[in-house]
A.B. asks: 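Got a structure for you, questions after.
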2 protein chains.
Amino acid sequence: MSRKVSPASVAPALLGAFPEPGHDHAHCVDVALKQAESICQERGARLTDVRRRVLELVWRNHRPVGAYEILEHLGNSRKRAQPPTVYRALEFLLAQGLIHRIERLNAYIGCTAPERDHDGQFLICRDCGATAELLDRRIDTAIHAGASAAGFTVEHPTVELEGLCAKCRSHDHHG
Amino acid sequence: MSRKVSPASVAPALLGAFPEPGHDHAHCVDVALKQAESICQERGARLTDVRRRVLELVWRNHRPVGAYEILEHLGNSRKRAQPPTVYRALEFLLAQGLIHRIERLNAYIGCTAPERDHDGQFLICRDCGATAELLDRRIDTAIHAGASAAGFTVEHPTVELEGLCAKCRSHDHHG
DNA sequence: ATGACGTATGTTATGTTATAACAATTGCTG
DNA sequence: CAGCAATTGTTATAACATAACATACGTCAT
């Protein structure tokens with residue numbers, strides 16, 4: 001069992017793509033959790049039980065998930081967790097680059113390329129809610145160029161693109 | 001007095017630029033209000049008293065302003081306005097393209113090019129809070145190209161770039 | 001002018017998202 | 001196992017936003 005996971009072998013084939021309707025999502029979750037373990041171990045960061053469960057819940061599907069939605073599913077039969085528990089876990093996962101926050105939606109989504117330090121670009125379908133992460137260097141380049149023309153240095157770009165995914169666009173046309 | 005205002009004559013020299021520290025801000029507000037009047041008249045939209053006052057408050061400075069901050073300044077000596085009053089005015093101003101919402105900050109900022117229908121790109125200084133609007137076609141192009149490569153049609157891009165403006169960057173270096 | 005209608009605003013209550021502050025627990029290290 | 005730092009639990013509240021219904025206002029046909 002190699003501890004160091006090569007990006008090529010584990011990266012889901014989702015970068016810039018929307019998942020197929022019937023794909024093996026358990027596999028997506030599995031990969032994400034394994035990557036998280038590996039990354040945290042490398043860094044000496046502690047992927048505790050709460051944090052792992054929150055990460056798992058963020059990965060329940062390929063849509064951004066709200067903190068309170070996570071909270072609902074985090075409950076331990078008898079006692080419900082409180083907001084700070086979830087927000088602290090989210091804060092940790094954000095800091096480790098394991099998830100991203102979607103500002104438009106006040107929601108969180110699993111990162112598909114956690115090995116790289118980056119701010120992604122997000123394609124958010126207004127119809128089905130599916131959200132894909134893009135890592136487009138041309139967009140980055142254009143942004144940095146445009147900003148520096150105004151004397152501005154970009155540190156944390158937020159790029160969230162609402163629109164229609166291919167599937168929903170074809171539905172709209174046909175139905 | 002011409003009713004139709006040519007963009008060239010009124011557009012503030014701020015597109016993609018941060019305002020000078022000592023600029024005549026009363027002029028910025030004045031221009032914004034006049035443009036708003038003109039645009040609403042053309043469209044048969046009613047720029048009522050509440051709406052004009054909210055627009056004026058959004059333009060108090062070149063930083064995004066929160067709804068509750070507006071609320072505080074909207075009070076009429078005796079009775080304070082309620083949240084829905086402000087939110088409804090903001091909704092109207094957004095619909096008319098007279099202001100933009102900054103998602104990262106849950107805040108609103110005056111649009112510097114209200115005659116054009118557009119989603120701007122925003123440069124937000126993390127140090128001084130000053131925020132400038134960019135209308136960079138290269139960024140738009142890169143975004144649409146990147147998205148369509150994933151089969152995605154962008155309808156409403158959100159581009160909010162946090163970083164350092166020229167002034168604050170030089171302060172950082174010197175001090 | 002007046003009544004009917006649509007738009008705008010006032011008012012009350014509540015929903016949703018997020019954090020402050022402090023206590024208790026856990027895990028690591030000497 | 002004592003001491004310390006990191007994590008989680010718990011209580012309360014802050015910050016942002018909207019639902020629902022009442023009132024006022026503008027305008028247009030009669």
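Residue numbers start from 1 in every chain, and the chains themselves are labelled A, B, ... in the order their sequence lines are given, proteins ahead of strands. Only heavy atoms go into these numbers, but all of them, side chains included; no hydrogens, no water, no symmetry mates.
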A.B. asks: Is the distance from OP1 or OP2 of C:dT9 to the nearest side-chain N or O of B:Thr85 less than 4.0 Å?
C.D. replies: no
A.B. asks: Are there any protein N/O atoms within less than 3.5 Å of an N/O atom in nucleotides 17-22 of chain C, and if so, which ones and at what distance?
C.D. replies:
unit_1, atom_1, unit_2, atom_2, d
C:dA18, OP1, A:Arg101, NH1, 2.6
C:dA18, OP1, A:Arg101, NH2, 2.7
C:dA18, OP2, A:Tyr87, OH, 2.9
C:dA18, O5', A:Tyr87, OH, 3.4
C:dA18, N7, A:Tyr68, OH, 2.5
C:dA18, N6, A:Tyr68, OH, 3.3

A.B. asks: Mind running side chain to side chain contact (heavy atoms under 4.5 Å, CB included) on A:His118 and A:His100 for me, showing each step along the way?
C.D. replies: CA-CA 10 Å; A:His118 67 281; A:His100 295 285; 3.2 Å; yes
A.B. asks: B:Arg80 side chain N/O closer than 4.0 Å to the phosphate oxygens (OP1, OP2) of C:dG10?
C.D. replies: no
A.B. asks: Please give me every residue in residues 91-99 of chain A whose heavy atoms get under 4.0 Å of an atom in DNA chain C, ordered by residue number.
C.D. replies: none
A.B. asks: Quick one, A:Asp140 with A:Gln121, criterion side chain to side chain contact (heavy atoms under 4.5 Å, CB included). Give me CA distance, side-chain angles, the key distance, then yes/no.
C.D. replies: CA-CA 9 Å; A:Asp140 277 332; A:Gln121 300 120 11; 3.4 Å; yes
A.B. asks: Does D:dT7 have its OP1 or OP2 closer than 4.0 Å to a side-chain nitrogen or oxygen of A:Thr48?
C.D. replies: no
A.B. asks: Is B:Thr131 reaching over with its side chain to a backbone N or O of B:Gly129, donor-acceptor style, under 3.5 angstrom?
C.D. replies: yes
A.B. asks: Can you tell me the distance, in whole Å, between the CZ atom of A:Arg46 and the P atom of C:dT29?
C.D. replies: 10 Å
A.B. asks: Is it the case that one hydrophobic cluster holds both A:Leu90 and A:Leu47, taking links as side-chain heavy atoms less than 4.5 Å apart, direct or via other members?
C.D. replies: yes
A.B. asks: For the pair made of CZ in B:Arg104 and P in D:dC16, what is the distance, rounded to whole Å?
C.D. replies: 15 Å
A.B. asks: Check the surroundings of atom CG in B:Asp117: do more than 12 heavy atoms from other residues, nucleotides or ligands lie under 6.0 Å from it?
C.D. replies: no
A.B. asks: What is the distance, rounded to the nearest whole Å, between atom CG of A:Leu47 and atom P of D:dT7?
C.D. replies: 11 Å
A.B. asks: Could you state the CG-P distance from B:Leu90 to D:dC16, rounded to the nearest angstrom?
C.D. replies: 13 Å
A.B. asks: If you only use heavy atoms from C-beta on, which nucleotide in D:dA6, C:dT11, D:dG9 is closest to the side chain of B:Gln82?
C.D. replies: C:dT11
A.B. asks: Should B:Leu93 and B:Val29 be regarded as members of a common hydrophobic cluster, given that ILVMFWY residues are connected when their side-chain heavy atoms come within less than 4.5 Å of each other, either directly or indirectly?
C.D. replies: yes
A.B. asks: To the nearest Å, give me how far apart CD (A:Glu103) and C1' (D:dA15) are.
C.D. replies: 15 Å
A.B. asks: Parallel under 30°, tilted from 30 to 60°, perpendicular over 60°: which one fits the rings of B:Phe18 and A:Phe152?
C.D. replies: parallel
A.B. asks: Applying side chain to side chain donor-acceptor pair (under 3.5 Å), run through B:Glu103 and B:Thr158 and close with a yes or a no.
C.D. replies: CA-CA 8 Å; B:Glu103 300 290 343; B:Thr158 296; 5.3 Å; no
A.B. asks: Test question: given the 4.5 Å side-chain rule for I, L, V, M, F, W and Y, name all other residues clustered with B:Leu164, or answer none.
C.D. replies: none
